Amino acid sequence: MNYEMLTLDAPVTGVALLTINRPKALNALSPQVLGELLSALASVNESRDVRCLLITGAGAKAFVAGADIAAMSSMSPGEAREFALKGHACMRMLELMPFPVIALVNGYALGGGCELALACDWIIASDNAVFGQPEVNLGICPGFGGTQRLSRLVGKALALDLICTGRQIKAEEALRIGLVNRVVAPDRLLQEGLDAANAIAAKAPLAVKMSKHLVQRGQDLDLANANAMEADVFGFLCATDDRREGMAAFLEKRPANFTSK
Ligand code: CAA
């Protein structure tokens, strides 16, 4: 499928790279961008070959500078609610992808852009990245899940600090508060993402998929039920060819050849 507002590439085997490509508007998420994002995520989700998805923004200045303010300025309450629900659908799809999704944040990740990064499994940022939820400047609140995902990741007090003041933080502070996993030079960002994706792609695919499933789903469960689910999945994985291959390879001191079975 052809997209106007994003590109979808396969830079190396097993890795998909999705770039929000609207640099003149700092990659702002318009209804069209969200629509294309939903359809691109559906196609990546269906691909049997993908082991990791990387998401970034086109241009040196921004990952995504937020939901499109010009588009939102004329929305009725009903349209705004629909827009928020569409954003939520995108973010949920990312969380439920059957492989890890890594945000490569280059520059501004504000509002909906910060929320997009938060919906990814983890974030690698360039040292010029800027994060924030500045919606209160516009008379609105975060609308793509920021009130929930930010507080779950960095804690209630820090989330409220960022959301209620609208203050923007640099990569270094984002690293300190646990919002991002790693900070690298801008010209290293894509390679860092590819290195992580290649490391994931070399592991047992079902084990990676189920590990993500356990962490994601477990967050909505109490500890006892989440651990019960983990024990079930552990048992299931012990029935796979990849478990036999992985353990045999270790004992025979050779690299494993996983088949995703
Ligand atoms: N929506 C629409 N257009 C945007 C945009 C956005 N979120 N962010 C930037 N742009 C556009 C600007 O209007 C400008 O377009 P023109 O050249 O046609 O005038 C272009 O991108 C470049 O932006 P600036 O000239 O403003 O660039 P700058 O370097 O001076 O400032 C910035 C960069 C600090 C990121 C600034 O653009 C900015 O503050 N953007 C808005 C950030 C924001 O408030 N985001 C939250 C949106 S609300 C939201 O996301 C709700 C939600 O949760 C769903």
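All values derive from a computational prediction rather than experimental measurement. One-based numbering, in listed order, for ligands and for the atoms of each. Each residue takes its place number in the sequence, starting with 1.
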query: Heavy atoms under 4.0 Å from ligand 1: which residues qualify?
result: K24, A25, L26, A28, K61, A65, G66, A67, D68, I69, M72, Y108, L110, G111, G112, E115, P134, E135, L138, I140, P142, G143, F144
- prompt: Got more than 12 heavy atoms from elsewhere within 6.0 Å of CZ, R217?
  reply: no
Residue pairs, two or more places apart or on separate chains, that pass ring-ring contact (aromatic ring centres under 6.0 Å, His included) and touch residues 58-84: F83-F144
task: May I ask you to decide if R22's main-chain N or O and N27's side chain share a donor-acceptor pair within less than 3.5 Å?
output: yes
task: Would you check if the side chain of D242 reaches a backbone N or O of T259 as a donor-acceptor pair within less than 3.5 Å?
output: yes
query: Can you tell me if D49 uses its side chain to pair, donor with acceptor, with the backbone of G14 under 3.5 Å?
result: no
- prompt: Can you tell me how far the CD atom of E173 sits from the CG atom of L162, to the nearest 0.5 Å?
  reply: 7.0 Å
